[in-house]
There are 2 protein chains.
Amino acid sequence: MSITAERRIREKEAMRTNILTTAWHIVKEEGWQSLSIRKIADAIQYSVPVIYDYFENKEAILLEFGKQGFERVIAELKAAKASSSDPAEQLKAIADAYWAFAFANKEYYQLMWGMSAPSCEMDKCMPERSVFRDLVMASIIEIIEKANPGDAENNACLKYHTFWSILHGLISIKMVAPADDTEQLNKLVLDDAITGFIKNLKS
Amino acid sequence: MSITAERRIREKEAMRTNILTTAWHIVKEEGWQSLSIRKIADAIQYSVPVIYDYFENKEAILLEFGKQGFERVIAELKAAKASSSDPAEQLKAIADAYWAFAFANKEYYQLMWGMSAPSCEMDKCMPERSVFRDLVMASIIEIIEKANPGDAENNACLKYHTFWSILHGLISIKMVAPADDTEQLNKLVLDDAITGFIKNLKS
DNA sequence: TACTTTTGCTAACACTGTTAGGTAAAGGAA
DNA sequence: TTCCTTTACCTAACAGTGTTAGCAAAAGTA
């Protein structure tokens with residue numbers, strides 16, 4: 001490969017990330033609803049069709065952000081799990097990390113869980129979501145089984161589903177209808193549930 | 001009021017409901033994303049601006065459906081509560097009714113909880129959602145307190161939040177990423193939680 | 001009959017996502 | 001350097017979207 005070809009690949013990559021970061025700025029300031037190809041083109045000072053040299057269509061851009069979101073939250077959940085070896089602490093850390101991610105990056109969360117604009121088609125094009133689910137499920141079930149070694153396998157599965165639906169439920173309720181006085185209450189709900197999952201702990 | 005004026009009011013009302021039912025058909029067949037004023041106008045065989053004589057804008061139409069959705073689900077939850085006097089049965093009936101409503105009317109549920117197209121602005125224009133929340137909260141807390149007369153008031157509130165976040169969490173997870181093998185598991189999660197809320201029952 | 005209100009339309013504006021087709025620059029080969 | 005091909009980029013357009021201005025015809029009222 002010639003020297004110029006390398007530079008051109010580099011430039012192409014730079015343009016791609018330029019488009020993405022510019023789009024992200026727009027979304028952060030105006031929300032998913034008002035992200036448009038023309039706004040991106042204006043912001044990067046190129047004409048509209050240039051965008052289509054780097055992304056097949058608008059959905060491809062959204063998909064890229066969806067991927068990013070899942071990658072980031074997976075990383076943070078792994079870190080949270082690794083922050084302790086005590087099952088209850090691990091579950092609390094995971095809940096905290098997921099909660100923090102959701103509200104520090106509402107745009108990601110909205111996109112990932114279909115709470116933004118054109119997310120109906122997101123389903124098929126989002127293997128990341130399935131990967132995320134399986135990963136989280138396995139990880140949490142492992143924690144719960146470690147804490148309750150005598151339990152049947154079904155039981156851990158049940159507790160995982162309960163844990164995860166509480167977490168996701170609290171977050172998505174708060175995200176769609178924010179009420180300011182439920183902060184402590186929500187923490188309490190989670191803590192209560194977690195200690196419930198662990199109360200058969202051997203030690 | 002003259003006789004013709006009565007008829008004209010009646011006709012105006014008929015046109016309004018015609019617009020709404022036509023829009024509902026479109027949504028049922030093609031989803032929220034592809035509901036447009038022009039499609040409605042085509043379907044009712046009128047020109048586009050006629051729609052604006054009956055609704056201020058598109059959002060007003062969506063809002064009307066949102067209102068409808070909340071009214072219906074409130075009615076069904078009331079019926080569910082009235083179907084028994086045993087607290088555990090009441091909670092189960094409520095969970096069942098809410099679950100059934102969500103999946104029998106996905107379009108309503110998506111609109112009501114911001115899982116469709118232009119729902120970001122829905123917040124301000126949706127007192128129905130607050131009314132619904134307060135009503136359900138009071139109703140469920142009453143059931144839980146009846147079952148656990150010795151408990152502190154806080155405890156019932158906690159249990160309500162847990163119950164509702166599990167219910168909403170399970171539903172919205174299943175709605176955005178449908179997995180077919182979780183039907184029984186989800187029921188089990190709910191039943192388990194409910195018996196947990198009631199286990200201090202006096203009788 | 002004359003006047004007013006309502007009803008409904010055509011046409012347009014300002015946006016969307018997307019693409020066809022052309023131009024000029026850049027890269028590689030002789 | 002010259003020729004050719006590829007890439008980069010643009011203008012202009014198409015088919016949609018929500019929304020509105022302005023006009024013609026019908027209906028109601030006096």
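What you see is a predicted model, and the numbers here were worked out from it, not measured in a lab. Chain letters run A, B, ... following the sequence lines, proteins first and then strands; every chain starts at 1.
In this entry the distance linking CG of B/Asn18 with C1' of C/dT7 reads 16 Å, nearest Å. We find that CG of B/Leu62 is positioned 10 Å from P of D/dG18, with the value rounded to whole Å. We find that CD of A/Gln33 is positioned 17 Å from P of C/dC15, with the value rounded to whole Å. Between the CZ atom of B/Arg8 and the P atom of D/dA27 there is a distance of 10 Å, rounded to whole Å. Counting to the nearest Å, the P atom of D/dT19 and the NZ atom of B/Lys58 are 8 Å from each other. Per the geometry, CD belonging to A/Glu59 stands 9 Å off P belonging to C/dT18, to the nearest Å. A straight line from CG of B/Asn57 to P of D/dG18 spans 11 Å, rounded to a whole angstrom. Atoms CD (A/Glu30) and C1' (C/dT16) sit 14 Å apart, rounded to a whole Å.
Side-chain contact between B/Glu107 and B/Leu111: absent, with no pair of heavy atoms (C-beta onward) separated by less than 4.5 Å. The shortest distance between side-chain heavy atoms of A/Lys81 and A/Glu142 falls below 4.5 Å.
Closest of all the heavy-atom pairs between A/Leu35 and A/Lys58 is O-NZ, 2.7 Å. Nearest heavy atoms, B/Ser84 versus B/Glu89: OG-CB, 3.4 Å.
Within residues 40-48 of chain B, the residues approaching DNA chain C are B/Tyr46, B/Ser47, by heavy-atom distance under 4.0 Å.
Residues A/Glu56 and A/Lys39 each lie close to DNA chain C; by heavy-atom proximity, the contact nearer the 5' end of the strand is made by A/Lys39.
Applying the 4.0 Å criterion to OP1 and OP2 of C/dG8, one finds that B/Tyr54 has a side-chain N or O inside that range.
Using the six-membered ring where Trp is involved, B/Phe132 and B/Phe70 have ring planes that are tilted, between 30° and 60° apart. Using cut-offs of 30° and 60° for the angle between ring planes, the B/Phe103 and B/Trp99 rings count as tilted. Between A/Tyr109 and A/Tyr98, the ring planes are perpendicular. Angles over 60° get that label, and only those under 30° would be called parallel.
Five base pairs at each end of the helix from C/dT1-D/dA30 to C/dA29-D/dT2 define two local axes, and these are offset by 20° (rounded to 10°).
Closest approach to the A/Ile37 side chain among D/dT7, D/dG18, C/dT18 is made by C/dT18 (side chain taken as heavy atoms from C-beta onward). Residue B/Asp53 has its side chain nearest to C/dG8 when only C/dG8, D/dT19, D/dT11 are considered. Comparing D/dC9, D/dA13, D/dT19 by their closest approach to the side chain of A/Arg38 singles out D/dA13. When distances are taken from the side chain of A/Met15 to each of C/dA12, D/dC9, D/dT11, the shortest belongs to D/dC9. Residue A/Lys12 has its side chain nearest to D/dA8 when only D/dA8, C/dG17, D/dT19 are considered.
Applying the 6.0 Å contact sphere to NZ of A/Lys187 captures more than 12 heavy atoms from other residues, nucleotides or ligands.
Every residue meeting the side-chain hydrogen bond (donor to acceptor under 3.5 Å, both in side chains) condition with A/Lys39, not counting sequence neighbours, appears here in chain and number order: A/Glu30.
Here B/Trp113 and B/Tyr108 keep their ring centres 6.0 angstrom or further from each other.
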